[in-house]
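Working notes for the structure below.
Note that the structure is a prediction, hence the values are computed from the model and not measured. In what follows, chains are A, B, ... by sequence order, proteins preceding strands, each numbered from 1.
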Number of protein chains: 2
Amino acid sequence: MDNAIAALQHDRDRLGRSSTAERVADVLRERIAEGLFVPGQRLSEETIGVALGVSRNTLREAFRLLGHERLLEHRLNRGVFVRVLSVEDVADVYRVRRVIECAAVRHSGNAGPQALALIGEAVEEATRAAAEGRWQDVGTANIRFHQMLAALNGSARLDETMRQLLAELRLVFHVMKNPRAFHEPFVARNLRLLELMRAGHAAEAERELESYLDDAEELLVKAYIPEP
Amino acid sequence: MDNAIAALQHDRDRLGRSSTAERVADVLRERIAEGLFVPGQRLSEETIGVALGVSRNTLREAFRLLGHERLLEHRLNRGVFVRVLSVEDVADVYRVRRVIECAAVRHSGNAGPQALALIGEAVEEATRAAAEGRWQDVGTANIRFHQMLAALNGSARLDETMRQLLAELRLVFHVMKNPRAFHEPFVARNLRLLELMRAGHAAEAERELESYLDDAEELLVKAYIPEP
DNA sequence: TATTGTCGAATTGTTGAACAATCCTTACGT
DNA sequence: ACGTAAGGATTGTTCAACAATTCGACAATA
């Protein structure tokens with residue numbers, strides 16, 4: 001009985017539905033992630049408000065949320081725009097990734113087997129997609145790989161930070177012309193990384209991940225054509 | 001001439017002032033930080049809107065910003081409340097701190113002398129305040145110490161994350177009855193940490209910081225009386 | 001031609017009023 | 001003590017309005 005009540009607390013967030021502003025933010029976040037809105041594009045309050053059937057004020061609340069997630073950029077009296085990442089932004093994102101993901105790998109010895117299993121699923125999905133030439137899906141699976149990797153830290157806040165970082169990086173992915181060139185080399189390295197962790201070689205895994213991220217950053221910047 | 005134009009780009013952010021919603025968020029953030037609004041307290045749209053002389057819609061935009069920073073909590077149809085951190089929240093914040101700050105210390109060898117100087121200033125300020133029994137100021141200086149410590153990572157995003165984390169922790173500080181008991185022991189340890197880094201003993205500094213954070217978390221949870 | 005000044009349309013920033021939906025309290029009845 | 005009904009209060013959301021600002025076009029000037 002007391003146990004049943006404790007179980008219910010898990011469903012609490014499913015109860016109180018979200019506000020319209022949050023749901024609008026969810027929709028826009030998804031559209032940005034899939035590249036329907038491209039970096040630099042302005043999001044007109046009028047247009048989007050009519051399209052989604054919400055008032056300008058509600059829409060502005062949603063814009064504030066996405067602005068705080070660095071997916072949108074507010075320019076005073078000029079409107080909100082889909083964020084355009086500079087090269088320095090990309091470098092900064094990778095700095096954070098190195099900190100978070102390396103910490104995860106370093107303590108991967110304490111990780112439960114089910115946590116590693118989730119990473120394994122992402123590796124398999126990426127391998128499958130790569131074999132079939134679905135490079136877009138490879139990118140998605142790769143993102144999930146790193147999300148699950150960061151989850152080894154066991155911190156809800158770090159998970160959320162990681163989510164935002166990867167969402168930012170997706171902004172860059174959609175500007176790239178050749179997704180295969182960027183994603184293909186890392187399928188095998190993801191697997192190697194996982195096996196090093198499974199074997200308990202945390203230190204070596206960390207070194208591998210560091211050079212992994214160095215290479216990824218360099219490759220990404222090279223394939224990226226931004227404005228300074 | 002072309003050089004002068006490049007110099008102007010540095011002043012761009014000083015130009016376009018912020019919107020009302022952002023400035024309202026700044027004010028509220030400050031008030032929450034200084035404990036004028038206590039955790040659990042509800043912030044009435046009507047009351048605060050009148051007090052600040054802004055409309056409900058503008059105020060709601062500010063609330064969205066602070067909600068995303070985890071300083072406020074939205075409860076649907078019930079209003080916004082100053083966040084109440086659970087013990088699990090505190091544990092999570094310290095998990096993130098361990099990741100970010102330990103990474104900073106580990107690479108402190110690459111840090112420039114001016115970065116360490118900023119940390120030194122925070123140590124001195126804490127020492128001075130402790131000698132004069134200004135425990136509130138000791139807490140503030142201590143926060144700046146860790147902010148500057150995290151800045152060794154050289155990442156704007158990590159700086160911002162650290163800012164938010166410490167703002168969350170401040171929520172707990174204001175519920176504590178005995179600030180001295182919590183802050184006093186760490187003044188000396190801050191200094192020791194700095195000296196280890198100055199001497200280039202990064203590895204030992206990292207070990208010291210880990211036990212530092214373990215102790216701080218335990219002490220904080222013990223002195224904290226939250227609801228589950 | 002190139003630069004500057006001016007005007008008007010379009011969009012944002014912000015407000016205030018309005019209404020439905022929801023929550024909270026209180027009183028009531030069993 | 002318990003459930004219920006009524007009510008007032010607050011939030012969620014929309015709408016209309018206005019000032020302020022930006023942007024583009026066009027004319028004026030050198």
Side-chain angles (χ1 to χ4, degrees), chain A residues 1 5 8 11-28 32 37-38 40-68 71-84 227, chain B residues 1-2 4-5 8-9 11-29 32 37-38 40-68 71-84 227:
Chain A
M1 169 57 175
I5 291 185
L8 280 183
D11 304 339
R12 276 181 56 162
D13 29 339
R14 241 193 291 177
L15 230 14
R17 238 172 27 268
S18 57
S19 68
T20 304
E22 293 173 57
R23 266 172 291 142
V24 169
D26 289 342
V27 170
L28 294 180
I32 293 173
F37 297 124
V38 301
Q41 180 176 350
R42 173 169 148 266
L43 301 188
S44 155
E45 295 184 355
E46 170 72 14
T47 306
I48 297 198
V50 170
L52 290 178
V54 298
S55 75
R56 277 182 63 209
N57 297 97
T58 298
L59 186 57
R60 286 173 62 88
E61 287 187 31
F63 281 170
R64 287 295 181 189
L65 291 174
L66 296 175
H68 209 282
L71 293 183
L72 297 183
E73 184 183 349
H74 281 77
R75 300 186 211 168
L76 196 61
N77 290 318
R78 226 166 292 184
V80 301
F81 299 75
V82 179
R83 186 87 187 287
V84 178
E227 60 254 62
Chain B
M1 168 58 175
D2 203 26
I5 291 185
L8 279 182
Q9 300 208 341
D11 304 340
R12 276 181 57 161
D13 28 341
R14 240 194 291 177
L15 231 13
R17 239 175 26 269
S18 57
S19 68
T20 305
E22 293 173 57
R23 266 171 290 142
V24 168
D26 289 342
V27 170
L28 294 179
R29 191 183 299 112
I32 292 172
F37 297 124
V38 300
Q41 179 177 352
R42 174 170 145 266
L43 301 188
S44 157
E45 294 184 355
E46 170 72 15
T47 306
I48 298 199
V50 170
L52 290 179
V54 298
S55 76
R56 278 183 61 209
N57 287 320
T58 298
L59 186 57
R60 286 174 63 88
E61 285 188 32
F63 281 170
R64 288 294 181 191
L65 290 173
L66 296 175
H68 208 282
L71 293 182
L72 297 183
E73 185 183 349
H74 281 78
R75 299 186 212 169
L76 198 60
N77 291 318
R78 227 167 289 184
V80 302
F81 300 75
V82 179
R83 185 88 186 289
V84 178
E227 59 255 60

Quiz item: Which nucleotide in the set dG13(C), dT13(D), dT14(C) lies at the smallest distance from any side-chain heavy atom of R23(A)?
Solution: dT13(D)

Check nucleotides 19-21 of chain D for protein N or O atoms closer than 3.5 Å to its own N or O atoms and list the pairs.
from: dT21(D); atom 1: O3'; to: N77(A); atom 2: ND2; distance (Å): 3.3

Quiz item: Looking at five pairs on each end of the helix from dT1(C)-dA30(D) to dT30(C)-dA1(D), what is the angle between the two axes, given to 10 degrees?
Solution: 20°

Quiz prompt | Euclidean distance, atom CD of residue E73(B) to atom P of dT11(D) [Å, nearest integer] | solution = 15 Å

Quiz prompt | Atom-to-atom span, CZ of R75(A) to P of dT11(C) - whole angstrom | solution = 16 Å

Practice problem: Report yes if at least one side-chain N or O of R78(B) is closer than 4.0 Å to OP1 or OP2 of dT22(C); otherwise report no. | Solution: no

Practice problem: Report the C-alpha distance between R56(A) and E46(A) in whole Å, list the side-chain angles of each, state the deciding distance to 0.1 Å, and finish with yes or no for salt bridge (Lys or Arg N to Asp or Glu O under 4.0 Å). | Solution: CA-CA 7 Å; R56(A) 277 182 63 209; E46(A) 170 72 14; over 6 Å; no

Practice problem: I would like to know whether R23(B) and D26(B) meet salt bridge (Lys or Arg N to Asp or Glu O under 4.0 Å); could you show each step before the answer? | Solution: CA-CA 5 Å; R23(B) 266 171 290 142; D26(B) 289 342; over 6 Å; no

Quiz item: For H74(B) and dC23(C), what is the distance between atoms NE2 and P respectively, to the nearest whole Å?
Solution: 16 Å

Exercise. Kindly say if R42(A) contacts the phosphate of dT12(C), meaning a side-chain N or O under 4.0 Å from OP1 or OP2.
Key: yes

Show me the protein contacts with nucleotides 15-17 of chain C, counting only N or O atoms at under 3.5 Å.
from: dT15(C); atom 1: OP2; to: S55(B); atom 2: N; distance (Å): 3.1
from: dT15(C); atom 1: OP2; to: S55(B); atom 2: OG; distance (Å): 3.1
from: dT15(C); atom 1: OP2; to: T58(B); atom 2: OG1; distance (Å): 2.5
from: dG16(C); atom 1: O6; to: N57(B); atom 2: ND2; distance (Å): 2.6

Quiz prompt | For the student: nearest non-hydrogen atoms of A25(B) and L65(B), plus distance | solution = CB-CD1, 4.1 Å

Quiz prompt | Considering all heavy atoms, the nearest A62(B)-V24(B) contact | solution = CB-CG1, 3.6 Å

